[in-house]
Undergrad: 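Pasting in a structure now, in structure tokens, and then I'll have a few things to ask.
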Amino acid sequence: MPTKVDPIALTIGAIRLASGISFLVAPVKANRLWGDKEEPVATTRLLLRSMGYRDFLIGGLLVTAAARGKDTRGWFLASGGADAADLLGGMSVHAQMPRSQQVIGLGGAAVGIAVGLWGATRPR
């Protein structure tokens with residue numbers, strides 16, 4: 001029996017996967033896309049790569065589940081949870097962030113949470 005691919009989950013997973021790859025391959029450039037204009041210190045680069053591994057894993061597993069026609073709700077929840085952790089962590093340094101990081105970084109996390117919750121609660 002052929003599997004039914006979930007194109008929405010496949011697309012969203014591919015976006016997260018691509019984000020993860022960008023943070024692994026070129027963390028400084030990826031960080032600039034998210035609103036940081038400063039050169040990151042070594043510990044920041046470590047965290048950027050950690051975020052890259054996380055997004056690569058979640059995105060890759062969401063893509064795999066979507067391509068195989070499997071239930072993707074758990075991976076959407078994991079994706080939204082990762083963004084919720086980013087938002088929570090970002091709120092503690094919100095006042096120290098430049099406006100571009102506040103809008104792009106924290107706004108992106110808020111959108112990611114909404115997409116994750118939507119995907120986690122949609123019918124199978």
Side-chain angles (χ1 to χ4, degrees):
M1 175 157 71
T3 59
K4 184 170 171 135
V5 174
D6 181 344
I8 295 171
L10 189 65
T11 301
I12 292 169
I15 291 167
R16 184 147 215 132
L17 178 63
S19 174
I21 290 170
S22 72
F23 276 102
L24 292 172
V25 172
V28 175
K29 286 183 181 180
N31 194 40
R32 284 195 183 113
L33 285 173
W34 284 98
D36 191 358
K37 304 301 180 210
E38 302 294 322
E39 185 69 22
V41 296
T43 52
T44 302
R45 288 179 193 222
L46 168 66
L47 294 172
L48 292 171
R49 287 191 188 277
S50 294
M51 192 168 65
Y53 286 117
R54 178 199 72 192
D55 288 352
F56 177 83
L57 179 64
I58 292 171
L61 291 167
L62 181 53
V63 163
T64 301
R68 292 181 176 169
K70 304 288 184 191
D71 186 4
T72 59
R73 292 177 295 178
W75 293 116
F76 271 108
L77 187 59
S79 182
D83 288 323
D86 291 345
L87 182 63
L88 183 62
M91 293 308 294
S92 67
V93 293
H94 183 267
Q96 298 157 344
M97 298 170 103
R99 184 75 179 142
S100 61
Q101 278 184 305
Q102 291 173 348
V103 172
I104 297 168
L106 299 180
V111 169
I113 293 167
V115 169
L117 290 173
W118 169 82
T121 57
R122 69 188 187 133
R124 187 167 183 200

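None of these values were measured; they are calculated from a predicted model.
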Undergrad: Ignoring hydrogens and geometry, is there a side-chain-to-backbone donor-acceptor pair from S79 to W75 under 3.5 Å?
TA: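 Not at all, since once roles are kept as given, no pair shorter than 3.5 Å links the two residues.
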Undergrad: Any chance you could measure L88, atom CG, to D83, atom CG, to the nearest 0.5 Å?
TA: 12.5 Å
Undergrad: Answer with yes or no whether the hydrophobic clustering places M97 together with M91; edges join I, L, V, M, F, W, Y residues whose side-chain heavy atoms lie under 4.5 Å apart.
TA: yes
Undergrad: Yes or no on side-chain contact (heavy atoms from CB on, under 4.5 Å) for N31 and E38, after CA distance, side-chain angles and deciding distance?
TA: CA-CA 9 Å; N31 194 40; E38 302 294 322; over 6 Å; no
Undergrad: Can you tell me how far the OG atom of S100 sits from the CG atom of L33, to the nearest 0.5 Å?
TA: 11.5 Å
Undergrad: Set out, in order, the CA-CA distance, both residues' side-chain angles and the distance that settles side-chain contact (heavy atoms from CB on, under 4.5 Å) for R45 and E39, then state yes or no.
TA: CA-CA 9 Å; R45 288 179 193 222; E39 185 69 22; 2.4 Å; yes
Undergrad: Using side-chain contact (heavy atoms from CB on, under 4.5 Å) as the criterion, point out the one residue from L47, L48, T44, L46 that pairs with P27.
TA: L48
Undergrad: Between S22 (side chain) and S19 (backbone), is there a donor-acceptor pair under 3.5 Å?
TA: yes
Undergrad: Determine, step by step, whether R73 and T121 satisfy the side-chain contact (heavy atoms from CB on, under 4.5 Å) criterion, reporting the C-alpha distance in whole Å, the side-chain angles of both residues, the deciding distance to 0.1 Å, and the verdict.
TA: CA-CA 7 Å; R73 292 177 295 178; T121 57; over 6 Å; no
Undergrad: Taking only residues two or more places apart in sequence, or in another chain, which ones meet Q102 in a side chain to side chain donor-acceptor pair (under 3.5 Å)?
TA: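 Residues passing side chain to side chain donor-acceptor pair (under 3.5 Å) with Q102: R99.
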Undergrad: Spell out, yes or no, whether F23 and I15 are grouped together once hydrophobic residues are joined by side-chain heavy atoms under 4.5 Å, including indirect joins.
TA: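 Each belongs to a different hydrophobic cluster.
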Undergrad: D86 and R54: salt bridge (Lys or Arg N to Asp or Glu O under 4.0 Å), yes or no, with the steps?
TA: CA-CA 12 Å; D86 291 345; R54 178 199 72 192; 2.8 Å; yes
Undergrad: For residues G13 and V63, report the shortest heavy-atom separation together with the two atoms involved.
TA: C-CG2, 3.4 Å
Undergrad: Are M51 and W34 joined in one hydrophobic group, where the rule is that I, L, V, M, F, W and Y side chains link up if heavy atoms are under 4.5 Å apart?
TA: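 Same cluster: M51 reaches W34 through Ile, Leu, Val, Met, Phe, Trp or Tyr contacts under 4.5 Å.
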Undergrad: So does D55 get a backbone contact from the side chain of R16, meaning a donor-acceptor N/O pair under 3.5 Å?
TA: no
Undergrad: Roughly how far, to the nearest 0.5 Å, is the CG atom of L10 from the CG atom of L17?
TA: 10.0 Å
Undergrad: Rounded to the nearest 0.5 Å, what's the gap from CG on D6 to NZ on K70? Could you check?
TA: 13.5 Å
Undergrad: Counting neighbours of CZ on R68 that are heavy atoms of other residues, nucleotides or ligands and sit closer than 6.0 Å, is the number greater than 12?
TA: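 No, the 6.0 Å shell around CZ holds no more than 12 heavy atoms from other groups.
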Undergrad: Do the side chains of V111 and L106 join up, straight or via other hydrophobic residues, at under 4.5 Å, putting them in one cluster?
TA: no
Undergrad: Between L61 and V5, is there a shared hydrophobic cluster once you connect ILVMFWY residues whose side-chain heavy atoms come closer than 4.5 Å?
TA: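 Cluster IDs for L61 and V5 differ.
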Undergrad: How long is the gap from CG on L62 to CD1 on I58, to the nearest 0.5 Å?
TA: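 Here the interatomic distance stands at 9.0 Å.
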